[in-house]
Amino acid sequence: MISVAGMPTMLALKLVDATEEKQRELIRTSAQHARAIDHFRENIADVETVDQLMADPELYGFVMRAFDLEDQIFGKAMMSKILKSNIEESDALVNRLTDSRFKALYREMGFGTDGVGNINTILKGWQDRMVDRYVDRQFVNAQSAENETLGTVLEFRRKVGSITKPLDVLKDRDLTGFFQTALGLPAQLSGLNIDRQVEVLSKKFDFEKLKDPEEVDRLVSRYVAISDATRGVSAIQNGAITLMQGAVNGSGGFLSAVIDIDAIQRANPRYFVR
């Protein structure tokens with residue numbers, strides 16, 4: 001995996017974008033993740049109930065990690081209740097939780113009433129989608145572990161297509177942090193009631209603008225500039241960064257024919273981890 005620790009975030013983002021496909025393949029083929037993926041593919045088709053999923057720690061852990069819920073793995077009793085909820089009931093546990101990750105997991109797994117019955121798990125297309133989700137989550141988390149600002153940007157870019165209103169932001173902690181920073185809003189805003197937060201965001205930003213890729217790029221640039229300034233990140237001039245800067249064209253894009261990851265690694269190996 002390529003390390004972006006210590007790099008200015010915009011430069012790190014360009015590097016990550018240029019090497020994402022290679023990094024994803026490294027995740028898929030690494031011993032730890034390849035084993036987890038194989039176990040999922042070999043066993044998930046036999047899962048028809050929530051209880052069967054919970055009975056296999058490796059399968060359960062894989063699914064939880066695919067939805068960025070590793071921090072909730074030990075809450076099996078709660079997760080079981082969530083997956084056995086009836087989402088059509090307004091007071092169901094899955095509807096009472098504000099964290100959007102739980103509802104995303106519930107909908108994607110597709111268990112029947114009381115967690116019994118499932119036709120998704122036997123479908124290869126669904127299995128492929130789950131594996132892709134797992135790999136993507138490992139990729140994003142690896143970047144975030146080294147540069148939290150970069151991780152938040154990657155989260156925003158993955159979710160921006162589903163944002164149409166302030167509530168879509170406020171139900172997601174990463175998006176909330178992104179918009180508060182990019183729009184110059186204080187973190188204390190989260191302490192206000194939800195209606196007031198919606199009002200402030202609506203006045204501060206026109207969410208229709210998110211349909212414009214240039215507006216999305218402007219938001220990212222603003223968020224990164226403010227976050228890096230707050231964290232005191234500076235453009236450290238070293239061999240690796242000099243090489244990367246030389247590989248960027250005038251419009252801010254990468255010249256794919258120029259990038260040589262091996263050359264960058266030889267120039268400054270401390271930016272690369274095995």
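Pairing each heavy atom of Phe40 with each of Leu59, the nearest pair is CA-CD2, 3.6 Å. Smallest separation of non-hydrogen atoms from Gln127 and Ala45: NE2-CB, 4.1 Å.
Atom CE of Met7 is separated from atom CG of Asp228 by 12.5 Å, given to the nearest 0.5 angstrom. To the nearest 0.5 Å, the span separating CG on Asn141 from CG on Leu154 amounts to 10.0 Å. Interatomic distance, CZ of Phe179 versus OH of Tyr223, reported as 11.5 Å (0.5 Å rounding).
At a threshold of 4.0 Å, the pair Lys211-Asp206 does not count as salt-bridged, since none of the basic side-chain nitrogens sits closer than that to a carboxylate oxygen.
Evaluation of the salt bridge (charged side-chain N to carboxylate O under 4.0 Å, His left out) rule for Asp71 yields Arg101 as partners, not counting sequence neighbours. Taking the side-chain contact (heavy atoms from CB on, under 4.5 Å) definition, one finds that Lys171 meets it with Ser100, Asp168, sequence neighbours left out. With sequence neighbours excluded, the residues satisfying salt bridge (charged side-chain N to carboxylate O under 4.0 Å, His left out) with Arg28 are Asp132. Shown here are the salt bridge (charged side-chain N to carboxylate O under 4.0 Å, His left out) partners of Lys84, two or more places apart in sequence or in another chain: Asp51. Under the side-chain contact (heavy atoms from CB on, under 4.5 Å) criterion, Glu215 pairs with Phe205, Lys209, Asp212, Arg218, Leu219, sequence neighbours left out.
A donor atom on one side chain and an acceptor atom on the other are not found under 3.5 Å apart for Glu148 and Ser144. A donor-acceptor contact closer than 3.5 angstrom links the side chains of Thr9 and Asn147.
Each of Arg137, Lys159, Arg133, Arg158 was checked for a salt bridge (charged side-chain N to carboxylate O under 4.0 Å, His left out) with Asp68, and the lone residue meeting it is Arg137.
At least one donor-acceptor pair under 3.5 Å links the side chain of Gln52 to the backbone N or O of Glu48.
Sorted by first then second residue, the ring-ring contact (aromatic ring centres under 6.0 Å, His included) pairs that include residues 99-134, not counting sequence neighbours, are His33-Tyr134, Phe62-Tyr134.
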